[in-house]
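Shown next, in structure tokens, is the structure this report addresses.
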Amino acid sequence: MSERYNPQSIETRWRQHWIDEGTYEVDNDDPRPPFYVLSMYPYPSGPAHMGHVRNYTMGDLLVRYRTMCGDGVLSPIGFDSFGLPAENAAIKTGTHPREHTERNGEALSASLRRIGAVYDWRRMVRSHDPSYIRWTQWIFLKFHEAGLVYRDTAPVNWCPGCQTVLANEQVLGDGTCERSGDLVERRDMEQWFYRITTYAQELLDDLDTVDWPEKVKVMQRHWIGRSEGAEFGLPIPDDDGVARTDVEPLAVYTTRPDTSFGMTFAVISPEHPRVDELTTDDRRAAVDAFRASVAGRSDIERQSTEGELDKRGVATGGRVVNPFTGQAIPVFLADYVLMTYGTGAIMAVPGQDQRDWDFATAHGCEIVRTVRPPDDFDGEAYVGEGPAINSEFLDGMGVAEAKATAISWLEDHGYGSGKVNYRLRDWLLSRQRFWGCPIPIVYCDACGEQPLPVDQLPVEAPDDVEFVPTGQSPLTYHEGFLSATCPSCDGPARRETDTMDTFVDSSWYFLRFTDPTNDEAPFSVEAAERWLPVDQYIGGVEHAILHLMYARFFTKALSDLGVAPKGLREPFKRLFTQGMIRLGGSKMSKSKGNLVSPEAILEDQGADALRLAHLQVKPPQEDVDWEDFGIDGCAKFLQRVWRLAVPGSDLTNGARDGDPTEADAEIDRATHRLVARITNEYDRWSYNTAVAGFMEFTNTLYRYVQTDEEIHADTLAAAIDALLLVMAPAAPHLCAELWQQRNGGHVHVEAWPEADPEKLVDDTVTMVVQVNGKVRDRVDVASDIDEDAAVAAALACEKVAVALAGAEPRKVIARPPKLVNIVV
RNA sequence: GCGGACGUGGCGGAACUGGCAGACGCACCGGCUUUAGGAGCCGGCGCCGAGAGGCGUGGGGGUUCGAAUCCCCCCGUCCGCACCA
């Protein structure tokens, strides 16, 4: 017997071969049709864990498959190399984040190569490289110039213990800091924003143009949260309850203007700027106490549905006029009214809104129904369809008509107008951190906030900083970094010390990959035109909202600014989100400490067995339990393939020339069916069944070589070569080695095989014969049998006669050649 | 609460368009092979039944000649959003 398959001896050689030969390097003038496959660039956290293996195996399979299909596949890799973990490590160990990050990046690169993933390594892009920082800052300035960047105060999570701002993820469920355990406060600070809301409508509309999982689209639509309604003013009354004209009315937003006659009170947010003005002297102490208690509560606490409603709101003593009824109604403060949505003030209609109903009940407010509920309705607030009641000129109208009429009335009387609102907020991009892209702004006492000229880019953070656990960015202590010159007046200025959210870096890296060394622009329009949109984007569903929304925003804005092609409105044509890996029932992650390292498996069974196990275990989009993996089974299967395909194998050395038999014809047809099947399964990401297909076919070939008298070399060679071709994207090393030993050359640059449609159908097929929908018999018939013959064959079955027991068929359904159903 | 996905053997799953339920793998059982290995090869393996046969895709109803697949109700699991006026 020839030597057994030994993954170690061949995998190293082939990995090197792909790099040395530049098999997966592709230039921008490559004559082949362009195809862009992109796996989300990883945060460099050190050697790969199983989640990486799963992710990058899927992407690699596609890169190799499309390459064999004849495309010039752009397969780049890079690192999302800014971010908090490196900075925290720096504080702990004193090592500069760059050193830590680059070392981890090298380790991850090595891991990716080790599993056989192939990239055009020449196109490596890392967020922290000065050549990338430069263009991230350039884009910031471009957006700044276009009015897509602004500065404003915003509430942030402030940890009094760490004396710093925390990201939402660093605030635990109970509202405390994950590091110090202190109760996190809300604090207003000056922050930078990207005006993503400008694109809210387009971000919503264009979801219809991309081929993404419906789940992700639904999440994005919800996040954008478009609603239609009306915004109008509630006038402030004088002591007699008559609307004053000399005071600005209180603006409210509602999606139910049709219910306005039922507005019996108004509620404003505790942060609303007009609280003081609306509060009467006798209520001031209570209102101030309420606001103080709200400020001390965390967002989580504040947004929980629990808690007594009478304690969650307080009367201001002030009143406003319902313009529809002319009645003066009380104004309350409640913590559930958010300053960040609509106008920060609402009209309350308890009859049609359950939360308003509860609040009205708790605070003794009047309840007036303005939509007639059905007779059998026994709930409280009624939110359904029905005729308007108690609403004067709206009475009798349905909800839609009443809405439109109410809006017209508001417009005619100058109170307000129809309004579309979005839940989407502008993107707060500044972070009080060191290890991120510096914001290219200086502050001049004379000229104020000044964007830097582009020829001063990149603004780089200095290396000679000390990482001490003060909770402040080291930049704020570094005089050399802080002092700058004002670009307007040449006077002294102070640099911005905030850095950008790392989501900024990941919002355009896929564009940089198309033209990674360009030093005239972030990328050329031509390069982007050639490769974008990405044909297949692959990543975790955890990025369903933020990253994907931000990247879409960047693409649209860059396109409008002429940086990206005019017609490029979406960055990612198709998106695939693969499932995560669980161990012991919970998500495999560094923080949970339940990572499984692929090292031992790679050393033992090899990369191809591990890849195959990842592909086989479950449909790619589903979450998978590590306990369900069958590495040994896959390794055993690869041994079987090896034994079948390796030249000189005891299994196949009995093959000789000769006239093809029926067994040969059957193997030939099976071979063509395999090719057709795997092509289809790769195209629709059904990798688990593709692996089943390899195994099934291999079993068929084993049967052929072991049970037939005569085995023919031609038949066998064609079958095995086809198997190696279709398996090559999944098990690249083994297939490359066997192909070379058998045929010479390189399987991965071979053309993808095509199935002959004529060979996909057998001459005879098994037809199912049913009586009353139950299978009673199976008969072999010609595959081109006509309906009459099929029925005749069915009626001739003995078991059918038994089942019919003499009864006359009432009806016969024939679907030749698959099935005949006899109904009595 | 709202939205989404899903529920098939001992286990992971297959059945793409309504047409043979359980492909393929794991586990288990049996056999072969001078064979002791992390072997290899062949076979069996939904449940009940001696058999013929019957039952069977979370439960109940419906559409259909025919339903794992389509529709309605219920139960359960997972994920996302969570006072958005």
Side-chain angles (χ1 to χ4, degrees), chain A residues 1 4 213-219 221-223 225-227 229 252-256 266-267 269 302-305 307 309 312 334-338 340-349 353-356 358-359 421-425 541-542 544-545 579-580 604-605 612-613 616-619 621-625 627-637 639-640 643 651 677 680-681 683-684 686 688-699 702-703 706-707 766-775 777-778 802 809-815 818-824:
Chain A
M1 199 220 251
R4 285 167 53 84
E214 198 50 36
K215 171 194 170 99
V216 175
K217 290 196 197 183
V218 166
M219 282 165 72
R221 285 194 192 104
H222 182 82
W223 191 256
R226 181 194 152 100
S227 75
V252 293
Y253 173 74
T254 180
T255 54
R256 292 297 301 275
V267 188
S269 165
R302 183 167 162 185
Q303 290 181 0
S304 95
T305 338
L309 267 176
R312 300 187 58 199
D335 62 355
Y336 64 77
V337 175
L338 310 173
T340 49
Y341 187 79
T343 61
I346 61 166
M347 66 176 219
V349 187
D353 183 293
Q354 188 60 43
R355 190 195 43 208
D356 291 346
D358 294 339
F359 193 90
N421 243 320
Y422 300 91
R423 225 179 66 108
L424 182 70
R425 303 263 65 87
V541 74
E542 66 272 19
I545 296 175
M580 62 166 190
D604 189 7
Q605 291 103 324
L612 219 51
Q616 186 215 26
V617 64
K618 238 182 173 190
Q621 65 278 11
E622 286 174 35
D623 292 346
V624 13
D625 291 300
E627 292 83 350
D628 293 331
F629 274 69
I631 314 277
D632 287 339
C634 291
K636 180 178 137 186
F637 165 70
Q639 285 292 357
R640 275 166 74 81
R643 204 177 143 208
L651 262 186
R677 168 181 177 171
N680 171 267
E681 286 171 334
D683 285 339
R684 61 189 176 93
S686 187
N688 54 329
T689 57
V691 175
F694 307 151
M695 291 175 167
E696 216 172 304
F697 186 69
T698 302
N699 292 344
Y702 262 71
R703 236 170 280 131
Q706 291 188 329
T707 63
T766 302
M767 186 176 78
V768 170
V769 182
Q770 298 179 329
V771 175
N772 287 333
K774 285 185 193 294
V775 179
D777 207 353
R778 300 182 173 87
V802 172
R810 206 154 43 80
K811 191 171 174 185
V812 179
I813 313 280
R815 293 281 180 277
K818 296 181 79 173
L819 156 147
V820 170
N821 186 14
I822 300 160
V823 187
V824 287

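Worth knowing before you read on, the calculation uses all heavy atoms, side chains too, and leaves out hydrogens, waters and symmetry mates.
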I want to check something: taking the side chain as every heavy atom from C-beta on, are [X] and [Y] in contact at a cut-off of under 4.5 Å?
| X | Y | result |
| --- | --- | --- |
| Val267(A) | Arg355(A) | no |
| Asn688(A) | Ser686(A) | yes |
| Asp604(A) | Ile631(A) | no |
| Gln770(A) | Val775(A) | yes |
| Gln616(A) | Met695(A) | yes |
| Thr340(A) | Arg425(A) | yes |
| Leu651(A) | Gln706(A) | yes |

Over all strands shown, is [X] touching base, sugar-phosphate only, or nothing at heavy-atom distances under 4.0 angstrom?
| X | value |
| --- | --- |
| Tyr702(A) | sugar-phosphate |
| Gln770(A) | base |
| Val775(A) | sugar-phosphate |

Rounded distance in Å between the [atom1] positions of [N] and [M]:
| N | M | atom1 | answer |
| --- | --- | --- | --- |
| C29(B) | C79(B) | P | 36 Å |
| A68(B) | G46(B) | C1' | 14 Å |
| U17(B) | A82(B) | C1' | 39 Å |
| U69(B) | A15(B) | P | 15 Å |
| G51(B) | U57(B) | C1' | 27 Å |
| G44(B) | A23(B) | P | 11 Å |
| G54(B) | G60(B) | C1' | 22 Å |
| A14(B) | C70(B) | P | 15 Å |

Has [X] got a side-chain N or O lying under 4.0 Å from the OP1 or OP2 atom of [N]?
| X | N | answer |
| --- | --- | --- |
| Tyr341(A) | A85(B) | yes |
| Arg640(A) | C41(B) | yes |
| Ser227(A) | A85(B) | yes |
| Asn688(A) | A14(B) | yes |
| Asn699(A) | G25(B) | yes |
| Lys215(A) | A5(B) | no |
| Gln706(A) | C42(B) | yes |
| Lys774(A) | C20(B) | no |

Looking at [options], which one has an atom nearest to any side-chain atom of [X]?
| X | options | value |
| --- | --- | --- |
| Ile813(A) | C65(B), A85(B), C26(B) | C65(B) |
| Thr254(A) | G40(B), A85(B), G19(B) | A85(B) |
| Val337(A) | C65(B), G80(B), A85(B) | A85(B) |
| Lys636(A) | C65(B), A85(B), C41(B) | C41(B) |
| Met695(A) | G19(B), C24(B), A15(B) | C24(B) |

Rounded to the nearest Å, what distance is computed from the [atom1] atom of residue [X] to the [atom2] atom of nucleotide [N]?
| X | N | atom1 | atom2 | value |
| --- | --- | --- | --- | --- |
| Tyr336(A) | A85(B) | OH | C1' | 9 Å |
| Ile545(A) | C79(B) | CD1 | P | 15 Å |
| Arg226(A) | A85(B) | CZ | C1' | 16 Å |
| Asn680(A) | A15(B) | CG | C1' | 13 Å |
| Asp628(A) | A27(B) | CG | C1' | 12 Å |
| Glu622(A) | A14(B) | CD | C1' | 12 Å |
| Asn821(A) | A67(B) | CG | C1' | 13 Å |
| Arg355(A) | C2(B) | CZ | P | 15 Å |

Worksheet item: Where each residue is assigned the nucleotide of RNA chain B containing its nearest heavy atom, which of Glu681(A) and Lys818(A) is assigned the position nearer the 5′ end?
Response: Glu681(A)
Fill in: First encountered from the 5' end of RNA chain B, between Gln605(A) and Ala345(A)
Gln605(A)
Discussion item. Angle between ring planes, Tyr341(A) versus Tyr253(A), binned at 30° and 60°: parallel, tilted or perpendicular?
Written reply: perpendicular
Quiz item: [X] side-chain donor-acceptor pair to [N] base, under 3.5 Å:
| X | N | answer |
| --- | --- | --- |
| Asp632(A) | G38(B) | yes |
| Asp604(A) | G38(B) | yes |
| Gln639(A) | G40(B) | no |

Worksheet item: When you look at NZ of Lys217(A), are more than 12 heavy atoms from neighbouring residues, nucleotides or ligands closer to it than 6.0 Å?
Response: yes
Discussion item. Test side-chain contact (heavy atoms from CB on, under 4.5 Å) on Glu696(A) and Arg677(A); report intermediate values, then the result.
Written reply: CA-CA 12 Å; Glu696(A) 216 172 304; Arg677(A) 168 181 177 171; 3.3 Å; yes
Discussion item. For a quick check under 3.5 Å, do Arg703(A) and Asn699(A) share a side-chain donor-acceptor pair by atom type?
Written reply: no
Worksheet item: Does G7(B) adopt a syn or an anti glycosidic conformation, taking syn as a chi angle within 90° of 0?
Response: anti
Worksheet item: Given Watson-Crick or G-U pairs with both distances under 3.5 Å, what dot-bracket string fits RNA chain B, with | for other-strand pairs and [ ] for crossing?
Response: (((((((..(((......[....))).(((((.......))))).(((....)))..(((((..]....))))))))))))....
